[in-house]
Amino acid sequence: MDFFEYYANLFGTRWDSLREALVRENRPMEWRVGDAESYFLDEASWFAANALAVEPGMDVLDMCAAPGGKTLVLAKALAGKGSLQSNDRSPDRRERLRRVIMNSLPAEYAAIVSVSGYGGERFGRYRAESFDRILVDAPCSSERHVISSKEHLSLWNPKRIKRLAVEQGALLASAVDALRFGGELIYSTCALALEENDEVVKKIMKKRRGLLEIVDLTPKFQGTERTECGLRMLPDLCDGRGPIYCAKLRKVIPPEV
Ligand SMILES: C[S@@+](CC[C@H](N)C(=O)[O-])C[C@H]1O[C@@H](n2cnc3c(N)ncnc32)[C@H](O)[C@@H]1O
């Protein structure tokens, strides 16, 4: 099965308009704090980072942070108080992340941001119960990118979705373990495939049964769709924004024994 067949099966009659919207230019928003350099990011990406509801003084982890648009949103919310660890496994992308932090944040906001390069799967083990908020903006199928690249289209294969879903599940499990009790996380992707979105969330709810609750998210843009566990913003319905899927989970404080 090729890419187009797979998504035509998934979206049925909607696929033609979604496909057109995916290849159209999106409309990024200009994001700026004070005198720092502007950064352009998709409004649906801004939504996912903003939905983490970070407050000054919190300890925050951005597990898959490069190139850094969402890290900027989290750092702005911290306003120079607390800590933000912006992590990404890729050395090249980390360089870009460092530049983005340096250029697009005022120095006092950048001062509490540290950049690291661990595999996100390791945080649960080595930094257990250490963060108040975690963003898991997971590596995903990125169909908007694939559809515009002959090379990526020729390499596309449904097995890739399954492989990514396993990786995403490991990152999310690690995030749950790295979260303090009462802490919250956002799991987000720019994937269309359901296996990379609600299915990943449903698996972790089962695996960590009793430890997590789903937090309701309020849609901001017209055309946002509610899914079983979260929200999805797709460009055909959301005026060019997305694709972004996001779900919010809270780690429940265990009852006293
Ligand atoms: C969707 S992108 C993140 C985009 C970023 N949050 C932003 O808003 O600019 C996913 C990132 O995950 C990184 N990544 C992939 N596998 C990883 C892993 N196991 N641990 C940490 N980062 C990983 C990739 O290098 C990539 O930069």
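Whatever order the structure lists them in is the order used to number ligands and atoms, beginning at 1. Worth knowing before you read on, the calculation uses all heavy atoms, side chains too, and leaves out hydrogens, waters and symmetry mates.
- Using a 30° and 60° split on the angle between ring planes, His145 and His152 fall in the tilted class, from 30° to 60°.
- By the 4.0 Å N-to-carboxylate-O rule, Glu225 lies close enough to Arg14 to be salt-bridged with it.
- Between Tyr39 and Trp31, the distance from one ring center to the other does not fall under 6.0 angstrom.
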Would you tabulate the polar-atom pairs, meaning N/O of ligand 1 against N/O of the protein, with distances under 3.5 Å, reported to 0.1 Å?
| residue | atom | partner | partner atom | Å |
| --- | --- | --- | --- | --- |
| ligand 1 | 6 (N) | Cys64 | O | 3.0 |
| ligand 1 | 6 (N) | Asp137 | OD2 | 2.7 |
| ligand 1 | 8 (O) | Lys70 | N | 3.3 |
| ligand 1 | 8 (O) | Lys70 | NZ | 3.2 |
| ligand 1 | 9 (O) | Pro67 | N | 3.3 |
| ligand 1 | 9 (O) | Gly68 | N | 2.9 |
| ligand 1 | 9 (O) | Gly69 | N | 3.2 |
| ligand 1 | 16 (N) | Arg89 | NH2 | 3.4 |
| ligand 1 | 19 (N) | Arg89 | NH1 | 3.3 |
| ligand 1 | 19 (N) | Glu121 | OE2 | 2.6 |
| ligand 1 | 20 (N) | Gly120 | N | 2.8 |
| ligand 1 | 22 (N) | Arg89 | N | 3.3 |
| ligand 1 | 25 (O) | Asp88 | OD1 | 2.7 |
| ligand 1 | 27 (O) | Ala66 | O | 3.1 |
| ligand 1 | 27 (O) | Asp88 | OD1 | 3.4 |
| ligand 1 | 27 (O) | Asp88 | OD2 | 2.7 |
| ligand 1 | 27 (O) | Arg93 | NE | 2.5 |
| ligand 1 | 27 (O) | Arg93 | NH2 | 3.1 |

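- For the atom pair Leu249 CG and Tyr187 OH, the distance stands at 10.5 Å (nearest 0.5 Å).
- Rounding to the nearest 0.5 Å gives a distance of 10.5 Å between NZ of Lys162 and CG of Asn157.
- To the nearest 0.5 Å, atom OG1 of residue Thr224 and atom CG of residue Leu231 are 6.5 Å apart.
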